[in-house]
Amino acid sequence: MSHDHRRPQRPAARLRGLLAAGLLVLVAGCAPDYAATVVPEPPGPSSGPGGGPSSAPAACEDSNPLRSYDPPRENPAPGDMPSGSTMAAIVERGRVVAGVSADTYLMGARNPATGQIEGYDIDLVKAMAEAILGDEDAYELRVITASQREPLLQEGEIDLVARNMTINCARWKNIAFSAEYYRSGQKVLVRKSSGIATVADLAGRRVCAPESTSSIELLRRELPEAEAVGAANHTGCLILFQGGQVDAITGDDTVLAGLVVQDPYAQVLEMEPLSDEPYGIGFNAEQTDLVAFANRVLADRISDGEWEVSYDRWLRSSLGPAPEPPAQVYGR
Amino acid sequence: MSQHSGLAGQPAPPAGAGAPRTAAPAYLQQRLAFPARTSTPGGPRVITRPGQTKDVASRLSGTSTPRLLLALMALCATAVLVFGTVAATVLASSAQAMDRASHNAQQLVRVQNIKAQLLSADALATNAFLVGGLESAEARSAYDAAVDDAARLLVEASRAQPADADALRVVSSELVLYSTSMAQARANNRQGFPVGASYLNQASNRLRTEAVPALDAMTAANTERIARETGSGSLVVVVVVGLLSLAALGWALRLVALRFRRTVNVGLAAAAALVLLGLLASVGVLVSLARTVDGLEDGALNGIRQLSAARTAGYDAKALESLTLVSRGSGAAYEQSWVQQSDTVVGALQAAGEDDLLTSWQAHVTAHEKIRRLDDGGRWDDAVASATRDGEGRSNTTSTAFQDALAPVLDADVVAADQALAGQRVRLWVVAGVVALITLVGTGAALSGLQSRRREYE
């Protein structure tokens with residue numbers, strides 16, 4: 001046949017076309033790899049609520065901020081409050097409203113078994129309730145943050161603040177304080193077997209304190225050779241401590257006592273306090289009769305030994321035997 | 001000048017008479033019966049009708065017919081093959097794109113599930129924390145199951161999509177840190193130590209600042225991948241190539257009809273018909289694909305996105321409610337976050353158009369507001385009781401009811417999306433195969449049609 005020589009080429013052409021088509025399909029089918037998913041950078045460590053705004057040592061015109069109002073020789077009996085006084089108003093309400101902390105172990109913390117908030121500061125609230133209303137359970141606790149202490153007192157939302165609050169000049173401008181009910185001081189907590197015996201041993205070690213508090217500022221000022229690490233609050237510091245990321249925690253010795261109870265491998269260093277922190281109950285600046293009343297309650301507690309009993313119940317196991325009760329200074 | 005002067009003195013022959021241009025004497029000149037053939041000025045002409053000629057000035061008419069037929073065979077075969085290749089390629093790649101889109105949709109659902117399980121675990125753990133060390137056994141086993149599920153899904157997800165590996169690694173290590181922090185929170189809480197609450201806050205906050213953004217990034221990435229796969233599809237190319245191919249075949253048909261007696265070349269006509277059929281089938285299936293994808297975007301895929309967002313925000317809100325109560329007085333920030341999450345849920349349910357679920361969520365909001373009233377009024381223990389116990393109108397019950405109502409709706413959307421994509425995939429592959437077959441048969445028909453004409457010249 002004359003067209004025989006053509007035949008073999010047509011199937012070959014067809015085959016080539018098919019192969020080309022097949023290759024194209026395969027190439028199109030190969031999926032391009034996806035770009036790796038980009039994980040956004042986490043935000044930097046945000047400064048948590050902390051212990052309140054940093055309080056720089058203010059210039060103090062008051063020579064002795066521990067002075068409080070003179071108490072009466074004897075408080076009126078619970079049913080007998082002078083009419084028009086702040087105490088009478090509280091009696092009418094039926095309970096004392098106190099601003100406290102609920103997570104400072106030993107000072108004011110919730111007991112999960114009973115569901116009640118209890119502690120050294122709460123004992124004071126109970127004493128006030130007993131003195132004003134005759135019933136030590138006639139109180140209402142409002143859990144507040146450090147930054148809410150003064151505003152709530154000024155607005156009259158609460159009667160008093162029992163929240164390991166340090167008496168100082170600057171605060172006297174906004175609120176009133178009772179006489180000192182405990183002399184605390186800034187100390188340092190360390191691990192039992194760490195070999196740190198004195199403050200000087202802290203050189204080169206990591207020490208934790210809550211951000212934006214006087215504790216961390218004092219740490220940076222007084223112990224510059226130690227590396228200061230900030231956390232949101234004291235239990236945040238304890239978490240770092242338990243994880244081995246810091247070697248020591250600094251704060252008021254009452255707070256440290258609470259941390260020691262939570263961690264059997266921690267102990268508070270025997271040392272002179274880095275600073276003095278006299279605690280007082282906070283009141284509204286106008287309600288001086290209530291302040292005087294409270295001063296009598298505090299003085300009575302010291303004289304009849306209730307102060308020491310309360311100390312022993314809460315703080316003795318961590319801070320050692322009770323010191324002398326603080327001197328009550330009056331004359332404002 | 002066509003006239004020559006004749007021999008001296010002789011008159012020139014009349015012009016146009018076709019007289020030969022020889023120098024023969026006039027008496028010897030003959031009138032020829034058949035005038036010599038001369039080429040007409042302007043090139044060859046073709047007689048179309050008696051008395052009419054047409055100028056055929058193209059090379060084509062100069063081409064011999066066998067060569068023309070050979071050229072046409074090449075052209076037609078190429079046209080059909082090109083169309084077939086392009087159409088089959090487009091269809092096949094669309095089918096594979098649908099396959100990848102379906103894969104990405106499954107990954108999206110998986111990632112959303114991981115986020116939901118983590119937040120559900122957080123909700124359970126924070127709620128159990130409120131009752132102190134006495135965590136109920138059911139709450140504990142539910143928490144363990146949620147964490148287990150999240151871990152399993154993490155492994156599946158990293159196997160399914162290597163591009164997500166980095167993000168999943170972050171989530172995986174965060175899950176480990178979360179579990180250990182939670183365990184420490186539980187242990188300390190059992191002792192009655194407040195540091196347990198700090199461990200709890202640390203775990204929950206870290207989950208939200210480290211793990212959740214990574215999961216959100218993966219959600220966005222997979223959504224974008226789905227959009228990219230479903231958006232690809234070159235209908236225009238197929239149409240253009242198909243029309244060009246038909247045009248080529250049509251032109252070939254016309255040429256052959258002009259040259260030969262038969263008006264319609266059967267082989268070419270069959271090829272043209274097959275190409276048309278292939279074109280219509282491809283266009284049809286691609287258009288239906290586009291419509292299905294659009295329907296999915298507004299329907300099932302949208303539902304998956306919105307309901308997943310509502311689900312995770314629901315769990316997040318439940319956890320935040322418990323965290324507010326645990327923080328007790330310092331929990332204002334958590335309550336603000338709760339409001340944000342609640343707004344997210346409402347927005348998502350509205351976007352998904354699920355009114356029944358909105359009602360269910362409103363019931364939960366009412367229960368939450370009751371808890372807030374109790375807590376803000378100083379009755380913290382009553383607030384905790386309301387938040388942790390089960391019962392009509394209580395937060396745990398309403399939250400569980402909301403999640404139980406949401407789950408089947410979400411599952412239905414997932415199944416619908418999967419089925420739609422799988423159905424499209426099958427159809428695309430079938431039509432791609434048909435087009436490939438058409439190409440072969442069409443090429444053969446065109447070639448054989450032209451060959452049968454060419455045979456006449458051998």
Side-chain angles (χ1 to χ4, degrees), chain A residues 1-3 6 10 13-14 17-18 20-22 24-31 33-43 46 49 97 99-105 109-113 115-117 140-145 148 232-236 238-239 242-243 258-259 261-263, chain B residues 77-78 81 84-86 88-90 92-93 96-97 100 131-133 161-167 170 184 188-195 197-199 201-202 209-210 213-214 216-218 220-222 225 327-330 333 378 380-381 384 432 436 439-440 443-444 447 451 454-455 458:
Chain A
M1 302 262 269
S2 56
H3 54 269
R6 292 244 181 244
R10 275 169 38 225
R14 228 182 275 174
L18 277 175
L24 270 170
V25 169
L26 273 174
V27 160
C30 286
D33 278 329
Y34 291 119
T37 313
V38 175
V39 181
E41 282 301 314
S46 58
V97 179
V100 297
S101 163
D103 54 8
T104 312
Y105 208 48
R110 187 171 156 264
N111 182 338
Q116 300 300 312
I117 301 180
E140 179 190 319
L141 296 178
R142 278 193 60 175
V143 177
I144 60 176
T145 61
Q148 287 173 306
N233 50 30
H234 274 108
T235 40
L238 184 62
I239 291 177
Q242 286 181 333
L259 296 182
V261 175
Q262 298 181 65
D263 188 344
Chain B
T78 313
L81 277 177
T85 309
V86 167
T89 308
V90 167
S93 75
Q96 281 166 330
R100 286 195 296 271
V131 291
Q161 179 58 268
D164 283 341
D166 290 332
V170 168
Q184 283 172 301
N188 277 295
N189 198 31
R190 208 175 170 86
Q191 303 278 325
F193 297 153
V195 71
S198 275
Y199 275 111
N201 284 332
Q202 187 195 57
T209 56
E210 306 271 343
D216 287 340
M218 277 194 280
N222 279 298
R225 286 175 198 143
S327 294
R328 188 155 191 185
S330 328
W380 185 83
D381 291 299
V384 167
T439 312
L440 293 178
T443 315
L447 289 174
Q451 178 65 9
R454 221 172 124 244
R455 226 178 272 131
E458 287 170 5

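Per chain, numbering begins at 1; letters A, B, ... match sequence-line order.
Here the side chains of A:Val261 and B:Gln191 are not in contact, with every heavy-atom distance at 4.5 Å or above.
Here the OG1 atom belonging to A:Thr37 is positioned 4.0 Å from the CZ atom belonging to B:Arg225, to the nearest 0.5 angstrom. Interatomic distance, CG of B:Asn201 versus CG of A:Asn233, reported as 8.5 Å (0.5 Å rounding).
With respect to chain A, the highest number of heavy-atom pairs below 4.5 Å among B:Ala432, B:Ser327, B:Ala221, B:Gly192 belongs to B:Gly192. When A:Ala109, A:Gly258, A:Ala36 are compared by the number of non-hydrogen pairs under 4.5 Å with chain B, A:Ala36 comes out ahead. Between chain A and the options B:Asp381, B:Val86, B:Val170, the largest number of non-hydrogen pairs under 4.5 Å is found for B:Asp381.
Under the rule for a ring-ring contact (aromatic ring centres under 6.0 Å, His included), the partners of A:Tyr105 that lie at least two apart in sequence or sit in another chain are B:Phe193. A:Val97 meets the side-chain contact (heavy atoms from CB on, under 4.5 Å) test with A:Arg93, A:Glu140, A:Arg142, A:Ile158, A:Asp159; sequence neighbours excluded.
Looking at A:Gln148, the atoms closer than 4.5 Å to chain B (heavy atoms on both sides) all sit in the side chain, from C-beta outward. At a 4.5 Å heavy-atom cutoff, the contact between B:Gln161 and chain A is made by side-chain atoms alone. Of the atoms belonging to B:Ala214, heavy atoms from both backbone and side chain fall under 4.5 Å from chain A. Only the side chain of A:Ala102 has a heavy atom closer than 4.5 Å to any heavy atom of chain B.
Closest approach of A:Ile239 and B:Val195 over heavy atoms only: CG1-CG2, 4.0 Å.
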